[in-house]
Trainee: 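Got a structure for you, questions after.
Predicted model, so just to flag it, every value in this text is computed and none were measured. Quick note on labels: first sequence line is chain A, next is B, and so on, each numbered from 1.
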Amino acid sequence: MKEKYDAFSIEQTVQNEWEATHPFAVTEDPTRPKFYCLSMFPYPSGKLHMGHVRNYTIGDVLARAKRMQGFNVLQPMGWDAFGMPAENAALQNGVPPAQWTYSNIAYMKGQLKRLGFAIDWQRELTTCRPEYYRWEQWLFKRLYQKRLIYRKMGWVNWDPVDQTVLANEQVIDGRGWRSGALVEKREIPMYYMRITAYAEELLQGLETLPGWPEQVKRMQANWIGKSVGAEVRFPYDEGSIGESGVLTVFTTRPDTLMGATYVAVAAEHPLATKAAQNDPQLAEFIAECRRGSVAEADLATMEKKGMPTPYFVRHPLTGEKLPVWVANYVVMAYGEGAVMAVPAHDERDYAFAQKYRLPIRQVIRPEGFTGTIDGRGPWEERFAAKGRLVDSGPFTGLTSEQAFSAIIAALAEKGLGQQRVQYRLRDWGISRQRYWGCPIPVIHCDHCGEVLVPDEQLPVVLPESVAITGRGSPLAELADWVNVPCPECGRPARRETDTMDTFVESSWYFLRYCCPDNDQAMVDDRVKYWMPVDQYIGGIEHAILHLLYSRFFTRAMRDLGLIPFSEPFTNLLTQGMVVAETFYREEPTTGKKTWINPADVILERDSKGRPISAVHRVDGKPVTIGGLEKMSKSKNNGVDPQALIDQYGADTARFFIIFAAPPEAQLEWSDAGVEGAHRFLRRVWAFGVRYRNEIAPQLPTTAEARSAALRQLSAPFAAARRELHLILEQANRDLAKLQFNTVAAATMKMLNLLERLPDGDASARAVLAHEGFSILLRVLAPITPHLTEILWRECGFGATLRDAPWPEVDPAALAVAEIELIVQINGKTRGKVTVPTDADEPTIRKRVLAHELVQAALEGTEPRRVIIVPGRLVNVVV
RNA sequence: GCCGGGGUGGUGAAAUCGGUAAACACAGCGGACUUAAAAUCCGCCGGCGAUCAAAAGCCUUGGGGGUUCGAGUCCCCUCCCCGGCACCA
């Protein structure tokens with residue numbers, strides 16, 4: 001055993017052993033409780049970033065602790081390997097996406113191993129491999145046959161110069177990121193997953209997930225967006241439209257129907273298209289609405305604009321003629337792509353009516369509001385409140401709630417409406433006009449239409465040698481691949497050249513980890529043993545889409561009879577981002593910022609240690625401090641985990657990451673903090689050396705003698721032991737809460753305690769150090785598994801720490817005869833009294849009132865109130 | 001714009017149930033050891049405050065208000081920062 005802490009030789013020794021004996025490979029064992037600990041798998045972007053290291057360290061701490069607590073722990077790892085960056089890399093460097101991806105995986109896998117994660121590598125998954133995605137294609141077919149996948153037209157961002165579809169992130173200020181061309185919306189046929197069929201169940205299911213953060217459940221519920229309202233049909237005014245028909249709208253406020261003064265339709269609505277045929281101005285407005293991206297954030301922030309059409313519809317209850325407008329704020333994808341406008345009681349309609357001088361008709365008198373709403377003043381929040389109906393014909397005088405049903409009944413009687421539930425959730429478009437994704441197993445035949453590729457021809461393998469040009473779809477260029485005989489009629493047909501959204505792979509990978517080697521079926525009985533995932537860990541950025549899609553897939557597969565449960569993830573932890581300080585220099589003329597890596601900056605501090613200025617390490621000239629930002633390439637503030645491991649070793653990196661912040665909070669990078677973590681581990685090592693050489697030899701030889709000695713400690717040692725077990729109690733409570741930063745802090749407190757044990761009785765010291773160090777090593781083991789494993793063995797605690805039992809608090813150690821109570825006067829802390837632990841309230845009251853400060857405050861009068869909080873404090877109100 | 005979250009010392013943070021605000025660290029300052037440096041160890045370390053020095057006292061959890069014997073924690077308003085918005089993953 002070396003005198004000095006040598007992280008590298010320790011970590012190498014331990015990791016070599018894991019590599020040789022696979023202690024983290026697991027099989028199903030019905031005799032033990034299972035624990036499936038899953039971290040979101042990484043996209044193989046090149047090398048691990050700090051966010052990955054944090055995610056997987058959090059998961060590993062839990063997995064290792066659960067193992068020590070007796071669980072059969074599965075912790076797998078894989079690669080979310082399809083996606084755009086591989087194509088971008090091909091464009092930039094000419095490396096084929098497959099080669100780029102596989103070499104990234106090889107490098108990153110090495111990094112994960114170097115960090116010492118307790119992963120069962122035998123279950124490694126790579127989604128871009130045919131063995132994986134063949135089952136995705138197999139499932140696609142079943143979902144298609146169950147009509148949970150269908151084809152319809154959908155809008156995409158179209159770059160007219162590069163002749164290609166762009167992702168939202170590739171549209172910058174309305175222009176294509178490469179061509180700079182103004183982006184247009186274009187409608188193309190796409191496959192959709194019918195997630196809306198499960199909208200209600202996905203919403204209800206949230207209530208069965210007590211182990212999920214409220215925040216995430218709220219976001220999902222809002223995303224699903226259930227609203228109860230009415231479908232209202234406005235008959236066409238045949239005189240203006242020239243044909244009969246109805247315009248259908250959905251509204252959550254049927255009580256305001258009598259205040260509708262116009263209707264508005266989306267630019268893509270059929271009535272808009274029809275009106276534009278003879279109206280070049282309207283056609284130009286519709287074209288304008290088509291410019292820009294399809295992103296909702298863009299739509300929501302643009303100026304609300306509209307154009308009238310010559311068309312009218314009839315109010316369903318009064319028969320009044322209402323003008324039809326085209327408005328850019330009406331979304332075709334929500335509801336019916338048309339709204340009834342009630343300017344008096346809806347903020348957007350109000351602004352629109354003011355802008356275009358449309359009539360505003362108040363029909364509700366909101367609760368506690370006596371004024372009138374006539375459009376002369378600015379919008380007020382209370383205009384939209386519910387209340388009593390006014391100027392509403394037969395409905396006048398009803399409350400909003402009464403009118404809700406009465407108006408729906410009146411509509412139903414005329415056959416022009418009924419109550420309806422509407423969800424904001426839309427079906428999931430899964431077609432991507434890209435190369436590096438899972439091929440959609442469909443063949444298009446002129447005679448037979450859409451034909452599914454027969455099972456025996458699966459997988460449809462993605463060709464790996466293609467030319468990536470950034471224009472059009474690369475697969476469509478591969479004549480040999482595209483042109484195939486129709487499986488039904490044998491005549492020439494064409495393969496679907498779209499690939500699937502990469503969210504599809506990540507919607508079921510957690511199932512496949514249970515049975516990665518099965519080449520006969522997508523899932524098997526092993527899934528029943530391991531699933532559902534007991535703890536899922538990943539970034540908050542996935543709170544909605546990935547998690548909702550996975551919940552949907554689980555239900556869809558349940559309904560196909562493949563799995564017997566509905567929710568994939570019992571407990572969810574959303575870890576915070578890793579952020580770091582940014583530094584930059586600005587070009588005086590252009591304002592262009594050059595971002596400087598924190599490693600190249602020297603901070604100058606004032607006498608209190610506050611940073612006041614910064615200079616560049618190389619030229620010594622000043623740089624601007626830019627504030628904390630998420631670690632990213634663009635801000636050049638990333639810290640390479642590899643450099644950290646190379647300098648300090650994996651245990652230090654892990655300890656710092658766990659200690660610096662609670663898992664859900666943002667983690668601020670600090671080089672000094674890393675130093676501190678390393679210093680602590682050196683102290684642990686140094687204590688281990690001292691323990692082994694000086695303390696252990698003084699121990700009683702038998703376990704019986706040691707525990708007898710622990711029961712007979714003299715007062716100062718008993719107090720120290722109580723402290724030790726109080727810290728352990730805190731650590732265990734925090735571990736259960738997944739608050740790992742304070743578990744790490746507890747190990748520091750334990751070391752502080754062990755280094756300062758009372759003097760005198762060498763045997764008592766040894767016995768307490770023995771117990772204390774064995775507890776410390778076990779609590780620290782999940783965080784820094786290498787260092788603790790070696791110390792555990794060298795100090796003679798056992799053969800291997802990874803399977804050592806988790807330490808338990810000894811209630812006998814916590815017992816005390818006297819406790820201190822805080823004395824407050826009028827809620828302010830003034831002193832303390834010591835009372836017997838079992839003192840009753842009258843005794844405590846007597847003791848406290850005798851306290852000199854209380855006496856002084858009372859000045860001889862009686863207290864107005866005495867509040868006793870057992871075991872904590874006494875508050876005297878004078 | 002809509003939905004969700006977060007603001008506590010110089011810094012990261014801690015504070016079971018509404019009960020001693022700042023545990024544990026980092027930085028800083030002072031000291032020991034050393035020829036010296038590194039490493040290590042010891043002490044101080046929210047603000048105001050008077051003082052040769054100290055203590056008492058007062059204030060303090062982004063800002064304002066409220067509930068309560070008592071609020072970082074609960075309620076209302078407000079400012080700032082961050083995540084998501086359906087083709088980044």
Side-chain angles (χ1 to χ4, degrees), chain A residues 4 40 42-43 45 80 83-85 156-157 165-171 213-216 218-219 221-223 225 293-302 304 329 333 348 425-434 501-503 506 539-546 548-549 574 576-577 579 605-611 627-630 659-662 664-677 679-680 682-683 686 730 733-734 737 739 741-742 744-749 752 820 822-830 832 864-867 869 872-877:
Chain A
K4 284 183 90 175
M40 291 180 183
Y43 178 79
S45 54
D80 190 12
M84 270 198 327
V156 292
N157 300 310
V165 175
L166 298 178
N168 282 336
E169 73 155 10
Q170 295 174 318
V171 180
E214 283 304 318
Q215 163 196 14
V216 173
R218 237 191 306 268
M219 282 197 256
N222 290 339
W223 187 259
S293 85
V294 297
E296 195 201 286
D298 294 338
L299 294 172
T301 47
M302 70 190 179
K304 310 285 180 285
Y329 68 84
R348 263 186 328 199
L425 180 70
R426 309 199 294 257
D427 277 340
W428 171 18
I430 57 161
S431 292
R432 295 290 180 272
Q433 299 69 43
R434 297 189 205 297
D501 181 0
T502 56
F503 270 124
S506 56
I540 184 69
E541 65 273 20
H542 294 290
I544 297 176
L545 294 180
H546 162 61
L548 194 64
Y549 292 154
T574 49
M577 296 179 305
V579 300
R605 297 168 186 278
D606 66 10
S607 61
K608 295 214 161 162
R610 234 180 311 221
L628 289 174
E629 300 261 11
K630 178 175 177 172
F659 177 67
E664 324 78 55
Q666 148 179 310
L667 185 150
E668 187 185 331
W669 194 257
S670 150
D671 289 329
V674 176
E675 281 285 353
R679 201 175 308 151
F680 170 66
R682 273 201 307 257
R683 273 174 62 206
Q730 174 237 308
R733 186 172 57 234
D734 293 347
K737 285 195 292 182
Q739 190 176 292
N741 55 322
T742 50
T747 65
M748 293 174 131
K749 290 180 188 173
N752 288 345
E820 266 190 347
I822 303 301
V823 177
Q824 291 187 338
I825 297 167
N826 290 340
K828 299 207 175 203
T829 303
R830 282 293 179 270
K832 290 171 189 172
R864 274 176 44 199
R865 237 175 121 178
V866 178
I867 292 141
V869 183
R872 289 201 158 244
L873 60 73
V874 180
N875 186 14
V876 183
V877 185

Trainee: Who pairs with A:E541 by side chain to side chain contact (heavy atoms under 4.5 Å, CB included), at least two apart in sequence or on another chain?
Mentor: none

Trainee: Could you list the residues that satisfy side chain to side chain contact (heavy atoms under 4.5 Å, CB included) with A:A665, not counting sequence neighbours?
Mentor: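 A:A665 satisfies side chain to side chain contact (heavy atoms under 4.5 Å, CB included) with A:P662 once adjacent residues are dropped.
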
Trainee: For A:R434, what residues pass the salt bridge (charged side-chain N to carboxylate O under 4.0 Å, His left out) criterion, not counting sequence neighbours?
Mentor: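 Residues passing salt bridge (charged side-chain N to carboxylate O under 4.0 Å, His left out) with A:R434: none at all.
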
Trainee: Would you measure the distance from the P atom in B:A36 across to the matching atom in B:A21 and give it in whole Å?
Mentor: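 It comes out at 46 Å once rounded to the nearest Å.
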
Trainee: Could you work out the separation of B:G10 and B:G28 based on their C1' atoms and round it to a whole Å?
Mentor: 8 Å

Trainee: Please tabulate, one pair per line, each protein N/O and nucleotide N/O from nucleotides 55-62 of chain B that are separated by under 3.5 Å, including the distance.
Mentor:
from, atom 1, to, atom 2, distance (Å)
B:C59, OP2, A:K828, NZ, 3.2

Trainee: Just checking A:R864: base, sugar-phosphate only, or nothing, at a heavy-atom cut-off of under 4.0 Å?
Mentor: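 Nothing, no heavy atom under 4.0 Å.
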
Trainee: Give the B/S/- string for nucleotides 83-89 of chain B, one per nucleotide from 5' to 3', where a protein heavy atom under 4.0 Å of the base yields B, of only the sugar-phosphate yields S, and otherwise -.
Mentor: BSBBBSB

Trainee: Which nucleotide sits closest to the side chain of A:R682: B:A39, B:A25, B:G4?
Mentor: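 Per side-chain heavy atoms of A:R682, the pick is B:A39.
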
Trainee: What's the gap between B:C80 and B:A71 when it is taken at their C1' atoms, as a whole Å value?
Mentor: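 The same atom, C1', in both gives a distance of 23 Å.
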
Trainee: For A:A543, which contact category applies under a 4.0 Å heavy-atom criterion: base, sugar-phosphate, or nothing?
Mentor: nothing

Trainee: Taking only N/O atoms, report every protein-nucleotides 18-20 of chain B pair under 3.5 Å with atom names and distance.
Mentor:
from, atom 1, to, atom 2, distance (Å)
B:G19, N2, A:Q824, OE1, 3.3
B:G19, N2, A:N875, ND2, 3.3

Trainee: Who passes side chain to side chain donor-acceptor pair (under 3.5 Å) against A:N826, sequence neighbours left out?
Mentor: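 With neighbours one apart ignored, the set is empty.
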
Trainee: Tell me whether B:G47 sits syn or anti, counting syn as a glycosidic angle within 90° of 0.
Mentor: anti

Trainee: Nearest 0.5 Å, what's the OG1-CG distance between A:T829 and A:N875?
Mentor: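 CG of A:N875 is found 9.0 Å from OG1 of A:T829.
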
Trainee: Return the set of residues passing side chain to side chain contact (heavy atoms under 4.5 Å, CB included) with A:A744 (not counting sequence neighbours), or none when no residue passes.
Mentor: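 Checked A:A744 against side chain to side chain contact (heavy atoms under 4.5 Å, CB included); matches are A:F655, A:I658, A:F659, A:I783.
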
Trainee: Are any non-hydrogen side-chain atoms of A:L545 and A:W428 less than 4.5 angstrom apart?
Mentor: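 A side-chain contact under 4.5 Å is absent here.
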
Trainee: Among all residues two or more places apart in sequence or in another chain, which pass the salt bridge (charged side-chain N to carboxylate O under 4.0 Å, His left out) test with A:R683?
Mentor: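 If we apply the salt bridge (charged side-chain N to carboxylate O under 4.0 Å, His left out) test to A:R683, skipping adjacent residues, the hits are A:E755.
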
Trainee: Taking only N and O in the side chain of A:N741, is any of them less than 4.0 Å away from OP1 or OP2 of B:G12?
Mentor: no

Trainee: Test of understanding: with side chain to side chain contact (heavy atoms under 4.5 Å, CB included), list the residues that count as partners of A:M577, not counting sequence neighbours.
Mentor: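 Here the qualifying residues are A:V579, A:K630, A:Q666.
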
Trainee: Supply the atom-to-atom distance A:M219 CE to A:I544 CD1, rounded to the nearest 0.5 angstrom.
Mentor: 6.0 Å

Trainee: Holding to salt bridge (charged side-chain N to carboxylate O under 4.0 Å, His left out), I want the full list of residues that pass it with A:K737, two or more places apart in sequence or in another chain.
Mentor: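 A:K737 satisfies salt bridge (charged side-chain N to carboxylate O under 4.0 Å, His left out) with A:D734 only.
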
Trainee: If pairs are Watson-Crick or G-U with both distances under 3.5 Å, what is the dot-bracket string of RNA chain B, marking crossing pairs with [ ] and pairs to another strand with |?
Mentor: (((((((..(((......[....))).(((((.......))))).(((........)))..(((((..]....))))))))))))....

Trainee: Checking all strands, does A:E214 fall into the base, sugar-phosphate, or nothing category for heavy-atom contacts under 4.0 angstrom?
Mentor: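 Nothing, no nucleic acid heavy atom in range.
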
Trainee: Figure out the CG/P separation between A:N222 and B:C2, and round it to whole Å.
Mentor: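 Value for this atom pair: 13 Å.
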
Trainee: Rounded to the Å, how far apart are A:F659 CZ and B:U11 P?
Mentor: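 Rounding to the nearest Å, CZ of A:F659 and P of B:U11 are 16 Å apart.
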
